[in-house]
Each structure stands twice: as C-alpha cells, then as structure tokens.
Amino acid sequence: MKWVYNDGGRSKCFKGTTGDCVCRAISIATGKDYKEIYNLINKYAKEYSKTNPDDNSHARYGVSKELADKILADLGYTWIPTMRFGTGCKVHLRDGELPNGTLIVRVSKHFTTVIDGVINDTYDCSRGGTRCCYGYYIKA
C-alpha cells in the first residue's frame, strides 16, 4: 500500500511528535483545520471525563477508542468492523483489502487515514502490508 506523509496540519500548530493520531486522522479525513479538530476532541474529552473519570483522553496525547467512536459518530461516520473476537485477522493495511474512498482506519494502538488506497500519515504504519485492521470509519 502506498504511503504519503501527511500530518493533518499539526506542524502549523505544534513542534515535535506526540500521540495525536486520532486528531490527525480526523483532520486529514474531514479536511478540517487541525486546531479545530484538536479543540473539538478536547471539548468532548472534558465532557466525557465527567461520566468516565478513568478516561484521560486528550487530542495531543491519545484518545480512547470509546471516545473516538462517539466523536466520529457525531461527525457522521459509521464504524465498519473487519475483525471480531476469535476470527483472526482478515483485512490488512495492504493493497486491495480496503474499499476506495476516505477511511479512518483503526489498527493496534493507532488510527490512520487511507484515501483511495493510500495511507496518509506521519509514517508508513502498514508494517509492510502485515498490519491488521480492526475496522474503519466511513462517512455515512
């Protein structure tokens, strides 16, 4: 699978690297400004922590799967699972295994954006085509 460097606009706001993959992926997929998505995630995280005090989500340091699910659903995305407990890995970050379109893909400990079969991220997270996809979000 091809890969292109895309930080979603983070370099305009922050220096260095950090655990902001959910923020980057949403910014890239939606085409919205990185800082707008950063602020949106932190607004959700602040509200979410009131009922989920153990959730320490933050746009810069990482967002829980549960909070990412909520934010993406509210943005009009649908979750399409590609793996279930006990089924083993069926879909990888590999050519031909994901549909065309703009997808936010969840893999182990990471979210990335795949646009028409091209990974848009700060690094090639495909692991040479062996990285298993748990599923993806697609705009409904």
Side-chain angles (χ1 to χ4, degrees):
M1 182 173 270
K2 289 183 182 179
W3 162 73
V4 295
Y5 179 88
N6 190 340
D7 73 356
R10 180 182 68 204
S11 58
K12 295 176 194 169
C13 305
F14 301 106
K15 299 219 183 289
T17 60
T18 189
D20 67 339
C21 65
V22 172
C23 187
R24 280 186 286 113
I26 294 172
S27 179
I28 293 165
T30 62
K32 293 186 180 200
D33 182 71
Y34 178 91
K35 190 68 171 182
E36 178 184 346
I37 299 300
Y38 183 91
N39 291 336
L40 176 73
I41 289 171
N42 287 335
K43 180 180 171 188
Y44 268 83
K46 185 176 181 182
E47 231 6 78
Y48 192 71
S49 68
K50 291 177 183 175
T51 55
N52 300 277
D54 292 335
D55 190 291
N56 297 321
S57 291
H58 189 282
R60 189 165 172 93
Y61 307 113
V63 178
S64 68
K65 176 198 152 322
E66 294 77 17
L67 183 56
D69 284 345
K70 177 164 181 36
I71 293 168
L72 286 161
D74 287 354
L75 290 173
Y77 284 79
T78 301
W79 170 248
I80 307 296
T82 58
M83 183 177 177
R84 301 202 190 286
F85 288 110
T87 64
C89 185
K90 307 256 188 249
V91 178
H92 305 82
L93 280 179
R94 181 184 303 156
D95 284 335
E97 293 195 20
L98 289 166
N100 278 335
T102 300
L103 314 172
I104 298 173
V105 181
R106 190 163 62 83
V107 295
S108 59
K109 299 181 182 182
H110 188 60
F111 282 67
T112 190
T113 303
V114 176
I115 302 172
D116 294 328
V118 178
I119 298 167
N120 283 249
D121 207 335
T122 55
Y123 70 103
D124 180 356
C125 59
S126 70
R127 296 181 182 159
T130 64
R131 191 137 192 206
C132 186
C133 298
Y134 297 148
Y136 58 88
Y137 302 86
I138 191 164
K139 188 78 169 183

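For the numbers below, each heavy atom of this structure counts, side chains included, while hydrogens, waters and symmetry mates do not.
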So do the side chains of Asp20 and Tyr34 get within less than 4.5 Å of each other, counting heavy atoms only? yes

Are any non-hydrogen side-chain atoms of Leu40 and Lys32 less than 4.5 angstrom apart?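 The answer is no; the side chains never approach within 4.5 Å.
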
Any side-chain to backbone donor/acceptor pair from [X] onto [Y]? Under 3.5 Å, distance only.
X      : Y      : value
Thr82  : Cys133 : yes
Thr113 : Ala25  : yes
Lys65  : Lys109 : no
Ser27  : Cys23  : no

Roughly how far, to the nearest 0.5 Å, is the [atom2] atom of [Y] from the [atom1] atom of [X]?
X      : Y      : atom1 : atom2 : value
Ile26  : Tyr77  : CD1   : OH    : 8.0 Å
Tyr48  : Thr51  : OH    : OG1   : 6.5 Å
Ser64  : His58  : OG    : NE2   : 13.5 Å
Tyr44  : Asp74  : OH    : CG    : 3.5 Å
Ser108 : Arg131 : OG    : CZ    : 4.0 Å

If Ile, Leu, Val, Met, Phe, Trp and Tyr residues are connected whenever their side-chain heavy atoms lie under 4.5 Å apart, and connections chain through other members, are [X] and [Y] in the same group?
X     : Y     : result
Ile71 : Val22 : yes
Leu67 : Leu75 : yes
Ile41 : Ile28 : no

So Ser126 and Asp124, side chain to side chain donor-acceptor pair (under 3.5 Å) or not? Walk me through it. CA-CA 6 Å; Ser126 70; Asp124 180 356; 2.7 Å; yes

Taking the inter-plane angle between the rings of Tyr137 and Trp79 on a 0 to 90° scale, is it parallel (under 30°), tilted (30 to 60°) or perpendicular (over 60°)?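 If you compare the ring of Tyr137 with that of Trp79, the planes turn out tilted.
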
So which residues get pulled into Trp3's cluster when ILVMFWY side chains under 4.5 Å apart are joined, directly or through others? Met1, Tyr5, Ile80, Val91, Leu93, Leu98, Leu103, Val105, Val107, Val114, Ile119, Tyr136, Ile138

Quickly, which of Ile37, Thr112, Asp121 forms a side chain to side chain contact (heavy atoms under 4.5 Å, CB included) with Arg24? Name it, please.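 Testing Arg24 for a side chain to side chain contact (heavy atoms under 4.5 Å, CB included) against Ile37, Thr112, Asp121 leaves exactly one candidate, Asp121.
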
Between Asn42, Val63, Asn52, which is the residue that forms a side chain to side chain contact (heavy atoms under 4.5 Å, CB included) with Ser57? Val63

Residues two or more places apart in sequence or in another chain: which of them pass disulfide (SG to SG under 2.5 Å) with Cys13?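 If we apply the disulfide (SG to SG under 2.5 Å) test to Cys13, skipping adjacent residues, there are no hits.
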
Shortest non-hydrogen pair, His92 vs Cys89, comes out as NE2-SG, 3.5 Å

Is it true that atom NZ of Lys70 has more than 12 heavy atoms of other residues, nucleotides or ligands lying nearer than 6.0 Å?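 Not more than 12 within 6.0 Å, no.
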
